[in-house]
Amino acid sequence: MKEIPVSQIKGFKIGHAQDLEHATGCTAILCEQGAWAGVDVRGGSPASRETELLRPVNTVQQINCVMLSGGSAFGLEAGDGAMQFLEEKGFGFDTGFGKVPIVCGASLFDLELVTNKVRPDKAMGYAACVNAYSGQEPAEGNVGAGTGATVGKFHGPSGMMKAGLGIYAAQVGAVQCAAIVAVNALGDIIDYDDKHLMAGLLTEDKSAMADTVKVMYDEIERNRALWGGNTTIGCVITNAKLDKSQCNKLASIAHNGFAQAIRPVHSTADGDTIFLMASGEVEVGVDAVGALVTECMGRAINRAALTAEPAYGLKAARDFC
């Protein structure tokens, strides 16, 4: 396996738009000609768009965009901007009476950082699509859907750290794969290789990381009301040839990457969601691709910690290493 720039995966374009002042943004992952797709929602508090359409029994076989955004359920409006952009370019599902762009999406909660009155909207979603055509390698960190992302929220906002959006792309033989993920977890980010804490719940004096699982064990007999402002959302893209059923299975397997890089994960207060988009160019062994998507997702989550910058009064991983 070798790491590659995500821009080398043909057929896909990725663009961000953000409002840094108000700590929110969105990320568009476009496949204008259509990608086979699946989704797996594991968290107990999701905010999502068009996930039902991705069930294998339903009619539409390909989608044109996944929109990841902040803003909680309000941020789902960013998908309307992608629909407008794609319609103007003539892409979408042909109904016989016009083409309808198929835009799926998920949103994370970032309303607590600056204001709950400014969220990604249609204009921001459109801008993310425009930026996807810039030809530049997409940025990471405090950008797009990761602009307001935070982690380590078992004690609420008081002990959390800044995270962001991470991207990791790799190639094995002719098979290419990348994960794009905005990490906004209740739990901590864990190094994919040696399992040390990278970012998460801080001690009371904010001088070190506390380890959320240990703190949870200390309070196991206390029925704490969990902070609800969480959710890690991501999308895997690949040039593999897959059908809808296989895409859904691989989206499910990609959650193994969440489990290896976020601890704890999939809580009742997270809305963890992964989409998978496949352009259908290369014949593959599905289980081998499952291993690849898992590693790409785990390493993209680590990138979300490594590239995040301290902001909004919050520390980031770089403050500790």
Side-chain angles (χ1 to χ4, degrees), residues 5-7 9-20 24-35 37 39 47-51 53-54 62-93 99-108 110 119-149 164-167 169 178-184 231-238 251 273-279 300 304:
V6 69
S7 59
I9 304 179
K10 295 180 181 178
F12 296 95
K13 295 180 176 65
I14 302 168
H16 308 300
Q18 55 276 323
D19 183 336
L20 293 174
T24 196
C26 61
T27 298
I29 300 116
L30 298 168
C31 187
E32 313 103 305
Q33 299 294 344
V39 67
S48 57
R49 171 189 177 122
E50 293 279 35
T51 53
L53 174 146
L54 296 178
Q62 295 182 314
I63 70 171
N64 305 107
C65 176
V66 166
M67 181 67 74
L68 307 177
S69 74
S72 189
F74 293 109
L76 295 173
E77 183 186 338
D80 293 341
M83 287 197 71
Q84 178 184 342
F85 180 86
L86 290 162
E87 182 185 29
E88 289 174 359
K89 288 191 168 293
F91 297 113
F93 178 76
K99 291 184 178 180
V100 179
I102 307 300
V103 179
C104 299
S107 298
L108 57 80
D110 56 11
R119 291 91 59 157
D121 57 11
K122 183 176 181 179
M124 185 180 286
Y126 189 96
C129 294
V130 171
N131 291 335
Y133 275 72
S134 69
Q136 298 179 348
E137 200 69 22
E140 299 174 84
N142 300 11
V143 296
T147 303
L165 181 136
I167 300 174
I180 305 97
V181 61
V183 185
N184 191 61
T231 291
T232 297
I233 52 177
C235 181
V236 174
I237 60 173
T238 178
T273 300
I274 298 177
F275 295 91
L276 187 137
M277 303 171 73
S279 61

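The model shown is predicted, which means the values in this text are computed figures rather than measured ones.
When all heavy atoms are compared, the tightest approach of Ile233 to Ala106 is CD1-O, 3.3 Å. The two atoms that bring Met124 and Gly25 nearest to each other are SD-CA, 3.6 Å, heavy atoms only. Across Cys65 and Leu86, no two heavy atoms sit closer than the pair CB-CD1, 4.0 Å. In this structure, Ala149 and Val183 approach most closely via the heavy-atom pair CB-O, 3.2 Å. Here the closest heavy-atom approach between residue Ile9 and residue Ala178 is recorded as CD1-CB, 3.6 Å. Annotation for Gly234 and Leu68: closest pair CA-CD1, 4.1 Å, computed over non-hydrogen atoms.
Taking Thr24 as the reference, Asp110 meet the side-chain hydrogen bond (donor to acceptor under 3.5 Å, both in side chains) condition, with sequence neighbours excluded. Under the side-chain hydrogen bond (donor to acceptor under 3.5 Å, both in side chains) criterion, Asp19 pairs with His22, not counting sequence neighbours. Legend: residues meeting salt bridge (Lys or Arg N to Asp or Glu O under 4.0 Å) with Glu77, ordered by chain and number and at least two apart, are absent. In this view, Thr231 satisfies the side-chain hydrogen bond (donor to acceptor under 3.5 Å, both in side chains) rule with no residue, not counting sequence neighbours. Not counting sequence neighbours, the partners of Asp80 by the salt bridge (Lys or Arg N to Asp or Glu O under 4.0 Å) test are Arg49.
Between Asn64 atom CG and Lys89 atom NZ the span is 13.0 Å, to the nearest 0.5 Å. Here CE of Met67 is found 11.5 Å from SG of Cys104. Values are rounded to the nearest 0.5 Å.
Under the side-chain contact (heavy atoms from CB on, under 4.5 Å) rule, Ile63 has a single partner from Val103, Ile29, Leu53, Val39, which is Leu53.
Residues in residues 126-136 take part in these side chain to side chain donor-acceptor pair (under 3.5 Å) pairs, two or more places apart or across chains: Glu32-Tyr133, Glu88-Tyr126.
No side-chain heavy atom of Val66 sits under 4.5 Å from any side-chain heavy atom of Ile237. A heavy-atom distance below 4.5 Å is found between the side chains of Ser107 and Ser69. For the pair Phe275/Leu54, a side-chain contact is recorded, criterion being any heavy-atom separation below 4.5 Å from C-beta on.
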